[in-house]
Amino acid sequence: MKTKRAISILLALASLLAASCGSTTSDTATDSTGSETTPAPETTRDYPEITPEMNYNGYEFRIIGYEGGYGTHNDYVIEDGEDTSDIISDAIYRRNQKVEDLLGIKITAQWGQEIRNTVLNSVTAGDDEFDLVFVPGFELAASLGDKTYVNLLDQKNVDWTKPWFNQSFIDAIAINGKLNFIDSAISTQFANATAAVFCNKKLATDYDFGDMYGMVRDGTWTVDKLYDFSQSAVKDLNGDGEIHDDADQLGILGNSGLTYMLFKGMGGNFIVPDGNGLKDIFGEEGNVDKMTYILTRFPKSDVFESGTNDAAKAAFIEGRALFYNTALGSFNWFRDVSFEFGVLPMPKLDEKQSDYRCNVNYWANSFMGIPKTVSDLQKVSDITNVLAAESYYVLRNAYIDNAIKHKYAPTEDDTEMVNIILDSCVYDIAIIYQIGGLAKQFENMFYEGKDNVVSSYESIKKSVSAAIDEFVNSVD
């Protein structure tokens, strides 16, 4: 594990950085002679209050995060002197400078592959070693069981309803006022991990499917259209009478995650918070019908699935697939394609559904927590709050600009679609913590080519209920 330290504070920027301290600020510019000139435009934005007590005299704010996919460990610190020509790196550099100057701190970070055990060993030893931890999704359930993280909602000095903390995550995961991890604007990992549908616009035009961006806007982008369009695009290119994944034109690419990506997109839920506990509602609200639809209309035999994603990526890059259902971070894979492609949110169940819902893949994401050994929780949570707020105003636009700049022909439509996707993030505690294997059950059915959802659910219903009780009782 290697350590990287934040860039030094640049005091010369103080007057510019102070503009974000309050909700409304107004600056007066001066020319090189010191004469007063026209006042700068007034800007207004929501932001945590910076009080005089929030000057921490050079405190080292210590972050540890997972060195995972898409190079997202760089979301935390860019070293002084590193190349910041990358849009996101430049935004992180500026964000850290600003927060460091506002609060009189120095942000440092380390990252690696063993986040859970590193933090567990540190907390068990009673060491105040880390202020903020970004736990990879695949270690989240085990990390929760370690009971090494504070209940964030107990930190009353922070307003957790602010937009720089993901409200849909809180709604789906908080139980009886308890929340040990959260998704925040500090990292772009949640954006990279958000489900989306990439579309080959050339093929869509060839088959006269119409304006898909317009469908998204008017609410008619539905799972039926995804199915119909994908079926129409399948073509035997080599004329041998069969469809081969490595040679012919395919309708839709994906993997077993397509089951819960479509399910959540169609308004489905596995398990939801209910009073002081959790409730399995898969058997209610048409959820069984939604999953049956998915497994019958999108069987593995019709969805080109690749365990490593390499073959699926190749098929899309070669222009041999209409749709690729994957995560938004896949923009980084398509920098060199020679055709126009677009990105769309996950489709709705039908036009009656009020909004789009794009599931955030827990496996590819990291979730923020504060270790119990932190000696000054108010200070650490205040710093976290300001860092998240500044990230919200700086990183999102940088992320979108970085994503679409690599497109063959980026348009305002693409910016609009990415914004819709990011505004449509949803979570399910059954997926996040793999409670009772409920969501996994249907991934396995996809692999096995089965669609007997009713009997499959009945076979695990009691064990899921027991797993829910055990999980709720274990939450600290």
Pairwise side-chain contact, Met346 with Asn325, heavy-atom cut-off 4.5 Å (strictly under): yes
Contact between Ile421 and Pro345 at the side-chain level, heavy atoms closer than 4.5 Å - yes or no? yes
For Asp246, is there an ion pair with Arg320 - N to carboxylate O distance below 4.0 angstrom? no
I would like to know whether Lys313 and Leu253 meet side-chain contact (heavy atoms from CB on, under 4.5 Å); could you show each step before the answer? CA-CA 9 Å; Lys313 283 191 292 185; Leu253 312 173; over 6 Å; no
Regarding Asp280 and Tyr457, do their side chains bring together a donor and an acceptor under 3.5 Å, going by distance alone? yes
Tell me whether Lys225 at atom NZ has more than 12 heavy atoms from other residues, nucleotides or ligands lying less than 6.0 Å away. yes
Keeping the roles fixed (side chain from Ser465, backbone from Lys461), state whether a donor-acceptor pair exists under 3.5 Å. no
For the rings on Phe134 and Tyr76, is their centre-to-centre separation under 6.0 Å? yes
Are there more than 12 heavy atoms of other residues, nucleotides or ligands under 6.0 Å from atom CD of Glu412? no
For the student: nearest non-hydrogen atoms of Asp46 and Tyr393, plus distance: O-OH, 2.5 Å
Determine, using ring centers only, whether Phe181 and Tyr149 are less than 6.0 Å apart. yes
Which one of Ile383, Ile64, Ile107, Ile63 satisfies the side chain to side chain contact (heavy atoms under 4.5 Å, CB included) criterion with Leu132? Ile63
Student check: side-chain heavy atoms of Tyr392 and Pro163 closer than 4.5 Å: yes
Residue pairs meeting side-chain hydrogen bond (donor to acceptor under 3.5 Å, both in side chains), one or both in residues 171-186, sequence neighbours left out, come to Asp183-Asn365, Asp183-Tyr427
For the residue pair Ile170 and Trp160, what are the closest heavy atoms and their distance? CD1-O, 3.4 Å
Examine distances only and state if a side-chain atom of Glu448 and a backbone atom of Phe446 form a donor-acceptor pair shorter than 3.5 Å. no
To the nearest 0.5 Å, how far apart are CD1 in Ile78 and CG in Asp86? 8.0 Å
Under 3.5 Å, is there a donor-acceptor pair between the side chain of Asp350 and the main chain of Gln353? yes
Checking the side chain of Asp75 only, and the main-chain atoms of Thr188 only, is there a donor and an acceptor separated by less than 3.5 Å? yes
Sidechain-backbone polar pair: Asp289 side chain, Gly286 backbone, donor-acceptor under 3.5 Å: no
Could you walk me through whether Asp423 and Tyr356 pass the side-chain hydrogen bond (donor to acceptor under 3.5 Å, both in side chains) check? CA-CA 9 Å; Asp423 287 337; Tyr356 294 100; over 6 Å; no
Pro347 and Leu262: which non-hydrogen atoms are nearest, and at how many Å? CG-CD2, 4.1 Å
Which atom pair, heavy atoms only, marks the closest approach of Thr222 to Glu351? CG2-N, 3.9 Å
Residues Asp218 and Thr220: side-chain donor-acceptor under 3.5 angstrom: yes
How long is the straight-line distance from CZ of Phe367 back to CZ of Phe169, given to the nearest 0.5 Å? 5.0 Å
For the side chain of Tyr362 and the backbone of Asp428, is there at least one donor-acceptor N/O pair under 3.5 Å apart? no
Note, Gln155 side chain near Asn385 side chain (heavy atom, < 4.5 Å): no
Chi angles and distances behind the side-chain hydrogen bond (donor to acceptor under 3.5 Å, both in side chains) call for Asp414, Thr411: CA-CA 5 Å; Asp414 299 306; Thr411 67; 3.0 Å; yes
Residue pairs involving residues 198-212 (criterion salt bridge (charged side-chain N to carboxylate O under 4.0 Å, His left out); sequence neighbours excluded): Lys201-Glu340, Lys202-Asp206
Please confirm whether the backbone N or O of Ala364 pairs with a side-chain atom of Asn192, one donor and one acceptor, at under 3.5 Å? no
Report yes or no: do Asn157 and Asp382 form a side-chain donor-acceptor pair below 3.5 Å? yes
In this structure, which one of Val272, Asn269, Ile175 forms a side chain to side chain contact (heavy atoms under 4.5 Å, CB included) with Ile429? Ile175
If every non-hydrogen atom of Gly254 is compared with every non-hydrogen atom of Val303, which pair is closest and at what distance? N-CG1, 3.8 Å
Hey, would you say the Phe442 and Phe263 ring centroids sit under 6.0 Å apart? no
Nearest 0.5 Å, please: how far is CG in Leu438 from CD1 in Ile271? 5.5 Å
When you look at CD of Glu470, are more than 12 heavy atoms from neighbouring residues, nucleotides or ligands closer to it than 6.0 Å? no
Grab the two heavy atoms, one from Ala185 and one from Ala388, that are nearest each other, plus how far apart they are. CB-O, 3.7 Å
Counting distance only, does the side-chain N/O of Arg116 pair as donor-acceptor with the main-chain N or O of Pro136 below 3.5 Å? no
Between CG on residue Asn361 and CD1 on residue Ile432, distance to nearest 0.5 Å: 8.5 Å
Would you please test Tyr66 and Phe138 for ring-ring contact (aromatic ring centres under 6.0 Å, His included) and show each step? CA-CA 11 Å; Tyr66 176 66; Phe138 56 84; 5.3 Å; yes
Lys147 atom NZ, over 12 foreign heavy atoms within 6.0 Å: yes
Could you give all pairs that pass the side-chain hydrogen bond (donor to acceptor under 3.5 Å, both in side chains) test and reach residues 435-445, with sequence neighbours left out? Ser256-Glu443, Gln441-Ser456
In this structure, CG of Leu179 is separated from CG of Asp154 (nearest 0.5 Å) by 10.5 Å
For Gly268, is there any backbone N or O sitting under 3.5 Å from a side-chain donor or acceptor partner on Glu285? no
Do the non-hydrogen side-chain atoms of Ile317 and Phe341 ever get within less than 4.5 Å of each other? no
Looking at Asn473 and Asp469, would you say the former's side chain and the latter's main chain have a donor-acceptor pair under 3.5 Å? yes
Supply the atom-to-atom distance Ile294 CD1 to Met445 CE, rounded to the nearest 0.5 angstrom. 11.0 Å
Scan side-chain atoms only and decide if Asp451 and Thr296 contain a donor-acceptor pair under the 3.5 Å cut-off. no
Should the pair Asp413-Arg217 be classified as a salt bridge under the 4.0 Å nitrogen-to-oxygen rule? yes
Hey, does Glu416 have a side-chain heavy atom less than 4.5 Å from the side chain of Tyr213? no
Considering only heavy atoms from C-beta outward, does the side chain of Asp302 approach that of Ile252 to under 4.5 Å? no
Less than 3.5 Å apart, any donor N or O on the side chain of Tyr324 or Asn200 sitting next to an acceptor on the other? no
Do Phe229 and Met212 make a side-chain contact, defined as non-hydrogen atoms from C-beta onward lying under 4.5 Å apart? yes
Residue among Lys98, Arg396, Arg95 satisfying salt bridge (charged side-chain N to carboxylate O under 4.0 Å, His left out) with Glu390: Lys98
What is the ring orientation for Trp221 with Phe323, classed by angle as parallel under 30°, tilted 30 to 60°, or perpendicular over 60°? tilted
